[in-house]
Amino acid sequence: MEKAKPGLTPDAYAASFDDWRGEELRRLRAAALAAGGVEEVIKWGHLVYLSNGPVALIRAEGKRVLFGLWRGQRLRETEPRLKPGGQYEMASISLAEGETLDPAVATALVRAGVALNAELGDPTKAAKT
């Protein structure tokens, strides 16, 4: 897994991939930001979108781009390709070369994640209680 260098900005991270991964990463990034109400940061070596806690992540890796959502297991009706895994009701979609996620669906997923965090609180804190 390729990790972002310390101090790397979201813009620099997005620009650091000049192949299909970069194209998909930038498409997903625009969709996440279009959801509104999120703060975009580099955390854990990749793009993370925050709103009352983490909502979504986008990570480019060797042969895939990962789009993940905290509480994504609750959103599988919106996007059946979301695969459950990890803590905090995480679910993610792994995209290989030639695969894509409709930006409108990505935006809807992030909006739903923001709404869940507004209703239920920070998923990382809620899991500790």
Test side-chain contact (heavy atoms from CB on, under 4.5 Å) applied to E61 and R59, step by step: CA-CA 6 Å; E61 299 177 348; R59 181 172 66 224; 2.5 Å; yes
Short N-O contact, R29 and E40, less than 4.0 angstrom: yes
Sidechain N-carboxylate O distance under 4.0 Å for E89, R74: yes
Test salt bridge (charged side-chain N to carboxylate O under 4.0 Å, His left out) applied to R26 - qualifying residues, sequence neighbours left out: none
First locate atom [atom1] of [X], then atom [atom2] of [Y], and finally report the distance between them rounded to the nearest 0.5 Å.
X	Y	atom1	atom2	result
S16	L25	OG	CG	7.5 Å
K83	M90	NZ	CE	14.5 Å
L66	L57	CG	CG	5.5 Å
L82	I93	CG	CD1	4.0 Å
L116	L75	CG	CG	5.5 Å
R81	S92	CZ	OG	11.5 Å

Audit row: V65, L28, side-chain contact (heavy atoms from CB on, under 4.5 Å) steps and yes/no: CA-CA 10 Å; V65 173; L28 292 172; 3.9 Å; yes
Check: T100/E24 side-chain N/O donor and acceptor closer than 3.5 Å: yes
Residue pair T9 / D11, side-chain donor-acceptor N/O under 3.5 Å: no
Chi angles and distances behind the side-chain contact (heavy atoms from CB on, under 4.5 Å) call for W70, V48: CA-CA 10 Å; W70 281 259; V48 174; 4.3 Å; yes
If you compare all heavy atoms of [X] against all heavy atoms of [Y], which two are closest, and at what distance to 0.1 Å?
X	Y	value
G72	A91	C-CB, 3.5 Å
P123	G53	CD-CA, 4.4 Å
A60	R21	CB-CB, 4.3 Å

Is any side-chain heavy atom of [Y] closer than 4.5 Å to one of [X]?
X	Y	value
T107	R111	yes
P10	V41	no
L47	I42	yes
L69	R71	no
P84	R76	yes
V114	Y49	no

Polar side-chain atom of S51 near backbone of G37 as donor-acceptor pair, under 3.5 Å: yes
Heavy-atom donor-acceptor pair, N117 side chain to P54 backbone, under 3.5 Å: yes
Evaluation steps, side-chain contact (heavy atoms from CB on, under 4.5 Å), between E79 and L101: CA-CA 9 Å; E79 176 49 70; L101 176 61; 3.5 Å; yes
Aromatic ring pairing Y13/F17, orientation class (parallel under 30°, perpendicular over 60°, tilted between): perpendicular
